[in-house]
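Take a look at the structure set out below.
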Amino acid sequence: MSGSGVQRISTFGVTLFLLLPLVSNAVVAQSPRTALASAKLGPDRLEEYSNLAAHWMQEYLRIDTTNPPGNEMRAATFFKKVLDEEGIENRVFEYQPGRADLWARIPHSSNVGKRPILLLNHMDVVTSDAAHWKVPPFSGQVVDGVLYGRGAQDMKNEGLAQLVVMVMLKREKMALDRDVIFVAVSDEEAANTGTDWMIANQRDLLGNAEFLINEGGENLLENGKVKYIGVDVGEKSPFWLHVVAHGRPGHGSRPIRDSAPNQLVRALSRILAYRTPFKVLPIVEESLREMAVNEPPARARQFRNIRQGMQDRKFQQQVEQDESLNFLFHDTISLTMLGGAEQTNVIPAEAWANLDVRLLPGEDPMQFLKTLRRVMNDPDVSIEPQQKEFRVANYSPTNTALYAAIRRVSVQYFPGTPVVPRLTSGYTENQRYRPLRMEAYGFTPYAATDAEGASEHGNDERVRVEEVRRAPRILYDVVMAVAGAN
C-alpha cells in the first residue's frame, strides 16, 4: 500500500479474518441455490492451480522491485512470460526506463457484454533491511510452511492471486458476460506514476470498467474463528501539512525565548491539543451495525445505533481512546517529522515540522487549514499544504453486483459471517479510479494473523503457503459470480 500511510490495524478493536478448510482442494459447503464456480472444476484441477500459485509466488517474491527505484519492468516481464505461455492477450508499457505497466484481458463470450471488471495490483514494494530479517527479503524462502519476502502482504500476494485467476479463466474456457482485465502498475508506494500514466495514456484499455478489485480489506485470523469479512469501500483523504517557525538564530549556550524551535513547539502543542469535530458518516453506521454481532450485549446495542450510543459520555470516551475507532469519527492530525539545526549548540533561524492530516469524506481542506491557522495563532509560524493537488475522498456503495458477489461467495464459505464495509484510515489508488465511473473495492482473498499483517512494510514480511494455495480459488469464485455468463 501507498507510502501515504494505509496501515493494517485491528479495525473496531477486533480482528478480521477469512479461513478456508485446511485442505486446499476440500469441497466447500454449497448453498442449495448457488454453487461456487470453483466446485465445478474438481479437486485435481484445483490442486493443479494451487501448485501453480505456490510456485509462481516464490518466483515473484524473488524479483526485487524495491521503490525507489522500482525496476518494475522485471516484474512485468515475469507476468508477460506467464501470460504469453497461456495465450492471454497482454501488453507491456515501459513508460520510464525500467518502469512499466502491464495490461491483460480475457474477453467476454456473450453476445452483449456488460462493462468489464478490472483486477488491479501494484508491482513495487517498499524498502527492506536484510540485517533485520530472518531470511533475505528477496529469497522467497519457505520456513515451517511460511513464505517470506518483501511484498508477501503488500501486495505481490494479491497480484499473484489475480494472475492465477486469469490463467484459470483461460484454461477452463469460462463463459463470461464481462471482460476480465488485469492491470499491474508501478510506483504505487511513492508517486503513483504508473496508475496516472495508465489513466492518461491508455484509458481505452480500461474498457470503461464498471468494477475494480484492488488491495485493501482486512481478513485477520484470530483464535480460529471467522468474525467478519472486511471490504474497503472508501478512504480518508491525506492532506499533509508543512509547519515552519521563524526566529532569531544564536548560540545554544544563550537561550532565546522566542527562538524558532520554541515557537514551533508552542504552535504544535496548540495544534495537537485541538479536538477536531465529531462526525458520524453513513458508511460508519452501516459498518458498526454489521459488526455488532461480535460485540458484548451492551456494546452491540451502541454499535447498532451509534448516533445514540455516542450520547453516552463514557462510551464516547472509550471511542476517543480507541485508535481503531477514533479515526472513523474525526479528521486526524499526526505529528510525524521535526527539523531544526544540524548541531546541538546552534539555535536555528527556522524550525519545521510535518503533519499527516487525514480528512473525512466531504471535508474542505482549505477550511481545515484556515482552522489550524486560527488554532496556532502565531504570525511567526506558517502552515502550508505539501501536496500540489488534493484528492477528494470518495466511496463506492454496497448495493452493487460486485459487492453482492463478495457477500454471496463469503456466505457460502463462511455461513453466518457478516460482510462488513469499511472506511480506511489512509489512501489507496481506488480514489483515482472511482472518478472514471468504476465501483472500486479493497478486497483480499487472504487470511492473515495479526503478526503476519503487521509484517507489511515491516521486517520478516510473510504469508502462509496454505493461503497462497487457496486464495486464487476465493477470488476466482468472486470474479465468476459477477462476470460469469448465466
Centres of the Y441 and F211 rings: under 6.0 Å? no
Separation between CD (E323) and OG (S425), nearest 0.5 Å, reads 10.5 Å
Rounded at 0.5 Å granularity, tell me how far CD in E94 sits from OG1 in T77. 8.5 Å
For a side-chain contact (heavy atoms from CB on, under 4.5 Å) check, start with the C-alpha distance between M337 and W352, then their side-chain angles and the critical distance, and finish with the verdict. CA-CA 8 Å; M337 297 180 70; W352 61 269; 3.7 Å; yes
Might you point out which heavy atoms bring M73 and A100 nearest each other, and give the distance in Å? SD-CB, 3.4 Å
Is the shortest side-chain heavy-atom distance between V411 and V419 below 4.5 Å? no
Under 3.5 Å donor-acceptor, E210 side chain and I117 backbone: no
So, for A75 and Y60, which heavy atoms are closest and what is the spacing to 0.1 Å? CB-CE1, 3.7 Å
Of N121, T428, L120, the residue whose pairing with M155 passes side-chain contact (heavy atoms from CB on, under 4.5 Å): N121
With the side chain counted from C-beta on, respond yes when N71 and D64 share a heavy-atom pair under 4.5 Å apart, and no when they do not. no
Kindly indicate, with the supporting measurements, whether the criterion side-chain hydrogen bond (donor to acceptor under 3.5 Å, both in side chains) is fulfilled by Q96 and T193. CA-CA 10 Å; Q96 292 176 8; T193 58; 4.6 Å; no
Is D477 reaching over with its side chain to a backbone N or O of A37, donor-acceptor style, under 3.5 angstrom? yes
Decide whether T195 and E429 meet the rule of one side-chain donor and one side-chain acceptor closer than 3.5 Å. yes
Any ion pair linking E172 and K40 (charged N to carboxylate O, less than 4.0 Å)? no
Between K236 and H330, which heavy-atom pair has the shortest distance, and what is it? NZ-O, 2.6 Å
Quick one: CG on L402 to CG on L212, what's the gap to the nearest 0.5 Å? 9.0 Å
Using the rule given for side-chain contact (heavy atoms from CB on, under 4.5 Å), can you reason through V479 versus L119, listing the C-alpha separation, both sets of side-chain angles and the distance that settles it, and then say yes or no? CA-CA 9 Å; V479 170; L119 305 179; 4.1 Å; yes
Whether the D460 and W133 side chains hold a donor-acceptor pair (N or O, under 3.5 Å, no angle test) is what I'd like checked. no
Quick check: does any side chain N or O of S50 sit under 3.5 Å from a backbone N or O of L46, one acting as donor and the other as acceptor? yes
Side chain proximity check, V265 to L268, heavy atoms < 4.5 angstrom: no
Non-hydrogen atoms of L118 and A209 that approach each other most closely: CB-CB, 4.2 Å
I'd like to know if the side chain of S237 and the backbone of L359 have a donor-acceptor N/O pair within less than 3.5 Å. no
Counting only N and O atoms by type, is there a donor-acceptor contact under 3.5 Å from the side chain of Q387 to the main-chain atoms of W240? yes
Check: N51/R469 side-chain N/O donor and acceptor closer than 3.5 Å: yes
Will you find, in the side chains of R473 and S38, an N or O donor that is under 3.5 Å from an N or O acceptor? yes
Rounded at 0.5 Å granularity, tell me how far CG in L241 sits from CZ in F368. 7.0 Å
Is there side-chain contact between N157 and E467, with heavy atoms separated by less than 4.5 Å? no
Got a donor-acceptor contact below 3.5 angstrom from the D179 side chain to the I181 backbone? no
N/O donor-acceptor pair under 3.5 Å between R178 side chain and R115 backbone: yes
Does one side chain, of R150 or T66, offer a donor that lies under 3.5 Å from an acceptor on the other? no
Identify the heavy atoms of E363 and D331 that sit nearest to each other, and give their distance. OE1-OD2, 2.9 Å
Got E461 and P137 here, is their nearest side-chain heavy-atom distance under 4.5 Å? no
Check this for me: does any side-chain nitrogen of one of E59 and R62 sit under 4.0 Å from a carboxylate oxygen of the other? no
Taking atom types as modelled and ignoring hydrogens, do the side chains of N67 and D187 form a donor-acceptor contact shorter than 3.5 angstrom? yes
Can you check whether S396's main-chain N or O pairs, donor with acceptor, with E439's side chain at less than 3.5 Å? no
Begin with the C-alpha distance, continue with both residues' side-chain angles, and end with the deciding distance and a verdict on side-chain contact (heavy atoms from CB on, under 4.5 Å) for L206 and M438. CA-CA 10 Å; L206 302 181; M438 297 184 198; 4.1 Å; yes
What I want to find out is whether E218 reaches R422 closely enough, with some N-O distance under 4.0 Å, to be called a salt bridge. yes
Side chains of N394 and E235 in contact at under 4.5 Å (non-hydrogen atoms): yes
Main chain of D101, side chain of S186: is a donor-acceptor contact present, judged purely on distance under 3.5 Å? no
Correct closest heavy-atom pair for P445 and L475 would be CB-N, 4.2 Å
Under 6.0 Å between the ring centres of Y476 and Y49? no
Is it true that W197 and F93 have ring centroids separated by less than 6.0 Å? yes
Tell me, with the steps shown, if I271 and L335 meet side-chain contact (heavy atoms from CB on, under 4.5 Å). CA-CA 10 Å; I271 289 175; L335 173 60; over 6 Å; no
Between atom CG of L264 and atom CD of E350, what is the distance when rounded to the nearest 0.5 Å? 11.0 Å
So, taking the atom named CZ in F79 and the one named CD1 in I88, what distance separates them when rounded to the nearest 0.5 Å? 12.0 Å
Please examine the side chains of M166 and E86, heavy atoms only from C-beta on, and report whether any two atoms are closer than 4.5 Å. no
Less than 4.5 Å apart, any side-chain heavy atom of V233 and any of N430? no
Any side-chain to backbone donor/acceptor pair from Y403 onto P397? Under 3.5 Å, distance only. no
